[in-house]
J.: 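Pasting a structure here, questions to come.
Worth saying up front: this structure is predicted, and the values here are computed from it rather than measured. Quick note on labels: first sequence line is chain A, next is B, and so on, each numbered from 1.
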Number of protein chains: 2
Amino acid sequence: MNAHELLKEYISKMISLSEEEFEYVFSHFKEQRFTKGQTIISAGDKVNSEYFVVEGCLKSFYINEDVKMFILQFSMPTWWASDFEALYSGEKAKINVDCITDATVLMLSNEDREKLCREIHAMEHFFRWRTNKGYVATQKRLLSFMNNDTKHRYEELLALYPQLYNLVPKHLIAAYLGVSRETLSRLYNS
Amino acid sequence: MNAHELLKEYISKMISLSEEEFEYVFSHFKEQRFTKGQTIISAGDKVNSEYFVVEGCLKSFYINEDVKMFILQFSMPTWWASDFEALYSGEKAKINVDCITDATVLMLSNEDREKLCREIHAMEHFFRWRTNKGYVATQKRLLSFMNNDTKHRYEELLALYPQLYNLVPKHLIAAYLGVSRETLSRLYNS
DNA sequence: GCGATTATGTGATGTAGGTCACATTCAGGA
DNA sequence: TCCTGAATGTGACCTACATCACATAATCGC
């Protein structure tokens, strides 16, 4: 499936658009390919765009003062990645985004998203829905953090992204779970 | 300031509406008063509405199998409270909302929100913006959970809501921080 | 294919925070 | 006003996980 078809399928889950509208929407997205390890957003940068993942796997992460990494999200196909705070506020990025594998994305600039939202009411509806989905997912993860131990959260993660186990190094999974790589290692060797 | 004025001021931060439009929007909100301890949403209920806090303080919380409480949010004036997952999906609530103090809220039903979003494009924009704000705030809290120790998160919470210290019992603050009340007690007596 | 980096496993040890137990103080209702 | 239940403090003890140290295995660039 090509990039536009995937995006179309995803948008169609929520709203209906004519063929012409779809073409118009697509014209604002720019397809980009990255290789494993490439950086898409660096902390400190000005953030201009968000990214719809077509193929591959990205990670969004924060690095603290002790140069410790915390992963906010693994972005698989049909997920969106960016530093949404920086993107909406115009501030510099605090979040980094890079490629765990080779990846294909559709890039949408902040201006173009707002333009599409202004021009096509249904697109505003679509983005509200998408944002709500992200909000609810993050809230669930926060709850899981408070409620469940690491083992439970590890199983939850693998249930959510079964492909992940073979796709990403274990220390990244540890950084997502918020534990040290040593603890994670001991966890699944028991 | 009365309820409609507060809501108007809040909406006006993001969008511009005519007086007639404001009146039309207000006509969909229903003012409600609750007393300290009253329940607004119970886990297991069908959720029909979201609530804009005009006065007082609500808490949104989850109760796990061990009957342990985890607080997702304290809602002060101009914050919104509901179980947004249940509200959008039509499923039964997993989140509870009740009143820490006597409270005045403006209730908006799911149908009316969608109606306003359909009829007034700017309102759809407004709700997208509000949802994004919630999303970013939750993501920040998640990061803080992974990154900071309890003391740090406690100070962060008091910086965010200075009124909270005298307003809510300490064991609720512990339930927000995700630690036991004993640990919190030892924390600020040192 | 080889040396260097990166990823992973595993032991030893320290510590933040949980749980249980009990005392004390505070607040609200009959 | 008193009585009851909720809120809070504090000690004793336990456990999950962090950190440091080092060994081994896998992977990448030349």
J.: Examine L142(A) and I95(B) and state if one hydrophobic cluster contains both, with Ile, Leu, Val, Met, Phe, Trp and Tyr joined whenever side-chain heavy atoms are less than 4.5 Å apart.
T.: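 Yes, one cluster joins them.
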
J.: Rounded to whole angstrom units, what separation is found between the CG atom of L187(A) and the P atom of dG9(C)?
T.: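 Result: 11 Å.
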
J.: Using whole Å, what does the distance between atom C1' of nucleotide dG29(C) and atom NZ of K36(B) come to?
T.: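 So the two atoms are 14 Å apart, to the nearest Å.
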
J.: Between I100(B) (CD1) and dA7(D) (P), how many Å, whole number?
T.: 11 Å

J.: Under the criterion side-chain contact (heavy atoms from CB on, under 4.5 Å), which of I40(A), V105(A), T35(A), T39(A) is the partner of C99(A)?
T.: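 When side-chain contact (heavy atoms from CB on, under 4.5 Å) is applied between C99(A) and each of I40(A), V105(A), T35(A), T39(A), only I40(A) qualifies.
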
J.: Can a donor-acceptor pair be found between the side chains of Y24(A) and E20(A) at a distance below 3.5 Å?
T.: no

J.: I want to confirm an ordering. Mapping S185(A) and T150(B) to their closest nucleotides on DNA chain C, which one lands closer to the 5' end?
T.: S185(A)

J.: Short question: side chain of N110(A), backbone of N48(A) - any donor-acceptor pair under 3.5 Å?
T.: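 It does not hold such a pair.
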
J.: L184(B) CG to dA7(D) P: how many Å, rounded?
T.: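 That distance rounds to 14 Å.
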
J.: With the threshold set at under 4.0 Å for non-hydrogen atoms, list the residues of residues 155-180 of chain A touching DNA chain D in residue-number order.
T.: G178(A), V179(A), S180(A)

J.: Only one of E21(A), E19(A), E23(A) passes salt bridge (Lys or Arg N to Asp or Glu O under 4.0 Å) with K8(A); say which it is.
T.: E19(A)

J.: Let me know the distance between NZ of K151(A) and P of dC17(D), rounded to the nearest Å.
T.: 10 Å

J.: Can you label the angle between the F74(A) ring and the Y161(A) ring as parallel, tilted or perpendicular, going by 30° and 60°?
T.: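 F74(A) vs Y161(A) ring planes: perpendicular.
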
J.: Please give, in whole Å, the distance from dC20(D) P to D66(A) CG?
T.: 10 Å

J.: Could you check whether the side chain of R186(B) and the base of dG17(C) have a donor-acceptor pair of N or O atoms closer than 3.5 Å, going by distance alone?
T.: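 Check fails, no donor-acceptor contact within cut-off.
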
J.: Just checking F29(A) against F52(A), ring centres under 6.0 Å apart?
T.: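 No, ring centres 6.0 Å or more apart.
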
J.: Heavy-atom nearest nucleotide on DNA chain D for D149(A) versus R181(A): which residue maps closer to 5'?
T.: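 The 5'-side residue here is D149(A).
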
J.: Base, sugar-phosphate alone, or nothing: which one does K68(A) contact when heavy atoms must sit under 4.0 Å apart?
T.: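 Result for K68(A) = sugar-phosphate.
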
J.: Taking atom types as they are modelled, would you say the side chain of E182(A) forms a donor-acceptor pair with the base of dC20(D) within the 3.5 Å cutoff?
T.: yes

J.: Can you tell me if the side-chain N/O atoms of Y188(A) get under 4.0 Å from OP1 or OP2 in dT8(C)?
T.: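 No, no such contact exists.
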
